[in-house]
Amino acid sequence: MSEWQNRVERSHQLDEAAQILCATWWEKRYSMGPLPDWLILASPSASNWTDAHFVRSEMPSPSKFVHTLPNVRGAALLQLMNWHGPVLCIQNDPHTVHTALLEATMLAVSEKARVWVASSWLEGASWRAEFYVAEGMEITKK
Amino acid sequence: MAFILSYGCSSAAGRGASRLMVVLNLKTDVSRDEGFYFPNRAGDSVLELLTGELGAAFHEACTSARPALDERFGVILASTKGMSQDFIGNRGAERAHDPLTPLLDAALDHLELAPARALCVSNACSSSLAAIRLAEIWLKQGLDSVLVLAADAVTPFVLRGFSSLKLLAANRPKELGRDGFWLGEAAAAIWLTKTPSAFAVQASLDNDGSLVTRPATSGASLKRALLQLPLTPAPDLVFAHATGTVVNEETEEPVLGEIFPDIPRRASKSLLGHTLGASAALDLIAACELIRARQARRVLISSLGFGGAHAAALVEGV
């Protein structure tokens, strides 16, 4: 079990989208700078992959079902970050990440806030995650 | 702060805010076959069903009032699962895009709307209040008005999931000793503007990443969401999330009891079912109706969701 998994409640029950989000943040945590005022979750394809697995399973798994909500992948990330605050889970496929970055930039300016965008998705056969930080008029990919 | 210009809704009670209030005021059970479904829903796909019900809610709102046509407006759809049943069916086929955006696109086509900004918010069962909070921010950022749409349906996917979690009540909703909830369906449309109107609303969010399927037992996150709102003067009514699950009651009741010890509490889920992402929109509309009928002046709404999501809203007559 990796170090981040020891810090998350029932980490073995996380779906792949949540695992990659946590693993990526753990890897980048020292380069992220101060914790955010707002967090935006941007999940291309939402929870489709987990939805499909839940539907296919003969014995429906409750832990799989809870991850059929796209915002739930953020719960483990918040535990790792040891952070609380306003979270928005945004969907606008095929422009979900682009929309989230625009929203983050506008939020950073109008609320004078530091806004993180956390995104995880399945690309081909591999899971990927990316983090962005918006502050003032700038947005930086981490 | 934003102002509520107009609203409309549809639920198991039927179409219209007045139907909603008949059920809430008379405590009439309108459940059908183990759930609180939209009347006359047979045969529709989830996409057609929700688009039609959102259309009815939108037209009810616009019959009362709608922003001027030349205004710059945005649209936010609040939903937990959107049209996911149509999307994956029972075959488990995977699709490239999320199941919420097609519902938003279908609703915009159906309503012939071309907003300056549009997106979906999926903050589990607190999605409606998250959308209201985002709408407040969009108004501050320069839009003239924002239409918040909220919708969820009871599908085999959702029923199977909540059954697996053992959160569905075995007893009928009005019976004593129930230990869970019945699912419900709803659609709502709420026009928000920055121009003073009949109702003012403020929403707040807090997420603590507590255990995935239950709120933080300390109630700390719910308290933080509540205390972000201007609670002086105190609200004279509280709409609790009150799903009926043991976990919800163990967390929400002590917090509401501590902050609002002498303020009466109401809940809608035992009469309308738990309508998931649309549930707080129904509570918000019920609050407006009670204020309009002079049965309340300031109403607090509490809303919780999986993934540690906590939200609250305060609505008052202007």
Go through [options] and name the one with the most non-hydrogen pairs under 4.5 angstrom from chain A.
options: B/N123, B/L77, B/L119; answer: B/N123
options: B/I137, B/I76, B/V121, B/T101; answer: B/T101
options: B/L104, B/L100, B/D206; answer: B/D206

Please classify the contact of B/A131 with chain A as side chain, backbone, both or neither, using a heavy-atom distance under 4.5 Å.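 Neither the backbone nor the side chain of B/A131 comes within 4.5 Å of chain A.
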Engaged part of B/S221 at the chain A interface, taking heavy atoms whose separation is under 4.5 Å: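 Neither part.
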Specify the closest pair of heavy atoms between B/V146 and B/A135, including all atoms of both residues, with the distance to one decimal.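 For B/V146 and B/A135, the tightest heavy-atom pair comes out as CG1-CB, 3.6 Å.
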Which atoms of [X] approach chain B - backbone, side chain, both or neither, heavy atom under 4.5 Å:
X: A/W38; result: side chain
X: A/S57; result: both
X: A/T68; result: both
X: A/L77; result: neither

Under a 3.5 Å threshold, yes or no: a donor from one side chain and an acceptor from the other, between A/S110 and B/Q141?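 Yes - a donor-acceptor pair under 3.5 Å links their side chains.
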Strictly by modelled atom types, are A/N48 and A/S45 linked by a side-chain donor-acceptor pair under 3.5 Å?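 A/S45 and A/N48 do not have a side-chain donor-acceptor pair below 3.5 Å.
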Residue selection (most heavy-atom pairs with chain B, distance under 4.5 Å) from A/S63, A/S43, A/P86, A/G74: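 Sorted descending by pairs with chain B, the first entry is A/P86.
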Find the one option among A/L88, A/D93, A/T99, A/V87 whose heavy-atom pairs under 4.5 Å with chain B are most numerous.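 Highest number of pairs under 4.5 Å: A/D93.
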Rounded to the nearest 0.5 Å, what's the gap from CZ on A/R73 to OG on A/S47? Could you check?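 Nearest 0.5 Å value for the CZ-OG distance: 6.5 Å.
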Taking the six-membered ring of A/F54 (Phe, Tyr or Trp), confirm whether the NZ or CZ of B/R160 is under 6.0 Å from its centre and within 45° of its axis.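 Yes, cation above the ring, under 6.0 Å and within 45°.
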Within 45° cone and under 6.0 Å: A/R29 NZ/CZ vs A/W26 ring: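 Judged by the rule, A/R29 and A/W26 form a cation-pi pair.
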I'd like to know if A/E3 pairs up with A/R7 as an ion pair, taking the criterion as any Lys NZ or Arg NE/NH1/NH2 lying under 4.0 Å from an Asp or Glu carboxylate oxygen.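 Salt bridge: yes.
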Basic-acidic side-chain contact under 4.0 Å: A/K142, A/E130: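 No salt bridge links A/K142 with A/E130.
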